[in-house]
Amino acid sequence: MKCDECAPLLDDFLYNQTDGATEKALAEHLHACDSCAREYALLRREQELYARTEVEIARDFWSGVQARIATETRSRAQGFAGLFSALRFAPVAAIACLLVVVGAVGLWRYFSARSDRLVTAQIPQAPRVGVTITSEKSVPETKTVKSDAVRPFRLVSRSSSRAYARKIVKPVPATNEVVENKPLSADLDADSARHLEQVEMLLRSFKNGRHSNTLDLTYESGLSKDLLARNVLLRRDAELSGDEPLTRLLDQFEPFLVDIANLRDNSDSKEIQNVRERLTKSEIIAAVHSF
Amino acid sequence: MDTIRLAGKLGTFAQTHQRGAGGLLERAQQGDEEAFSLLFEQYAKPISNFIYRMVGRGDLAEDLAQETFVRAYRKIRTLHLHDGTQLSTWLFSIAKNVVRESFRSRRMDQNKVGIDDVLPVSVRNDEPAPDERLWNKELQHMVQQGLQTLDPDKRQVFILRVFQQCSYEEIAAITGYSMPKLKADLYRARTQMRDLLRPFLEQSNEV
């Protein structure tokens, strides 16, 4: 690899966004070329400085988001309620309209019938002609099929619409592999499923991350502690209920959660790399993903 | 669960949260607020950082970041991820639009950043020594001021690349810019920021 090929790829290399062959070629070139190696070192130092300027968010940030969403949902519901309150006189108004319409139709029929009688009276000798209507026309039979998938639109409360939506949505596994690997005893409850998702996310994040600054470790270490505590409880429950596959899986998590929880801001990169390599070798992430 | 296709390698953050999010996404689209929180709470810090670096004011950044998530909640029902589009890309696009609207409506002077506008770092038990804290604060101020001297296009690209480590493809999807423009903007932004950072680079060498 030449310098002019290497230079544009340095930041891809820094962010671990190169493929295997390119990464190898870049590493070899940086080993051999002082000028590119200096440029790369400068990029890394800049990146370390920028990482120091990362800001933390307020602890109540997310509760602020939730409050705003809740306010918006409430005001939407109040809008509907307002609509309903405006329509509370609707039945009375509807009945009044119906009476008016019925009265109007009745009057129209009365007067049109009266004018017919007058016309008939004026032509007393007109022959009566009967018209026979054959009723052989075939009306295609329409089959009414009740479909659960199609329902008339109606206003429902959020909770019942959610229940309704849940009813018609059937969870479909993405691949056959997942179905075949599904353990016999596992119909996971919501808590266990959520826990597995969060552990998978943490382990994947840790395995793939480049820990060039200390702030990331603090967050992941804290999260790992929380997940570890929950893991212990869920494992115990799984043991008591005789769910062996789940027990085994949760058991496999604990060493990794302990290691990540124990990592501190002054842990050296070897320690971090060690945990990452064990994560890769154990294939725990693939196991939880297919569970 | 993996119904979303990935386009090339992602930044660490997006890759972490893309897989395993399929079920949560469906639930969030059906109005499940808990699923929405589980899915998006992890993006709170990156989005806040992105917006803060764009607007340069802590109070405004928090407000705009919250607005980003509220809009995401409104729009998620009609979200269709396709052709390798990522959830993070979609969210950053919303953030970008929120910032742009803020620029238009508030007509901020984008070049002025006061030392007090710098967002505080959270207090931890293992906080750095006071002189290091001051150095960090000065660095943060310099970086923020430097970012405000970049025009918004370059600033956006620089923040997404350097601070969020998004790939060029992701940045193109978020901003709508072409690859040549992205790379040119990034090169110019890096050069400009490097000049400002030179004193800190030299000091960090000495440490």
Checking heavy atoms, do the side chain of [X], its backbone, both or neither come under 4.5 Å from chain A?
{"X": "B/R53", "result": "side chain"}
{"X": "B/V143", "result": "side chain"}
{"X": "B/F50", "result": "neither"}
{"X": "B/Q29", "result": "neither"}
{"X": "B/R74", "result": "side chain"}
{"X": "B/A35", "result": "neither"}

Can you give each donor-acceptor pair under 3.5 Å made by side-chain atoms of residues 1-9 of chain A, sequence neighbours left out, with the distance rounded to 0.1 Å?
from: A/E5; atom 1: OE1; to: A/K2; atom 2: N; distance (Å): 2.8

Salt-bridge contact [X]-[Y] (side-chain N to carboxylate O under 4.0 Å):
{"X": "A/D19", "Y": "A/K24", "answer": "no"}
{"X": "B/R194", "Y": "A/E39", "answer": "yes"}
{"X": "A/R68", "Y": "A/E72", "answer": "no"}

Separation of B/Q192 CD from B/L150 CG (nearest 0.5 Å):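 The CD atom of B/Q192 is 5.0 Å from CG of B/L150, to the nearest 0.5 Å.
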For the atom pair CD1 (B/I174) and CG (B/N97), what is the distance rounded to the nearest 0.5 Å?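 Here the interatomic distance stands at 11.0 Å.
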Quick check on the structure: residues of residues 182-190 of chain B within a heavy-atom distance below 4.5 Å of chain A, by number.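 The list, in residue order, reads B/L186, B/R190.
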On the 0 to 90° scale, with breaks at 30° and 60°, tag the A/W62-B/F36 ring pair as parallel, tilted or perpendicular.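 Parallel: the ring planes of A/W62 and B/F36 meet at under 30°.
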Please assess B/E67 against B/R71 for the test salt bridge (Lys or Arg N to Asp or Glu O under 4.0 Å), listing each intermediate value before the final yes or no. CA-CA 6 Å; B/E67 173 62 21; B/R71 283 199 198 180; 3.0 Å; yes
I want to know whether B/F158 and A/Y50 have ring centres closer than 6.0 Å.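 Yes, the ring centres sit under 6.0 Å apart.
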Do you know which of A/D12, A/L203, A/V65, A/I69 has the most heavy-atom pairs with chain B at a distance under 4.5 angstrom?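 Most heavy-atom pairs under 4.5 Å with chain B: A/I69.
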Side-chain contact test, heavy atoms from C-beta onward, threshold under 4.5 Å: evaluate it for B/F163 versus B/L147 and give yes or no.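 SC-SC contact between B/F163 and B/L147 confirmed.
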In terms of heavy-atom proximity below 4.5 Å to chain B, should A/A193 be classed as side chain, backbone, both, or neither?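 Contact with chain B: none, neither part.
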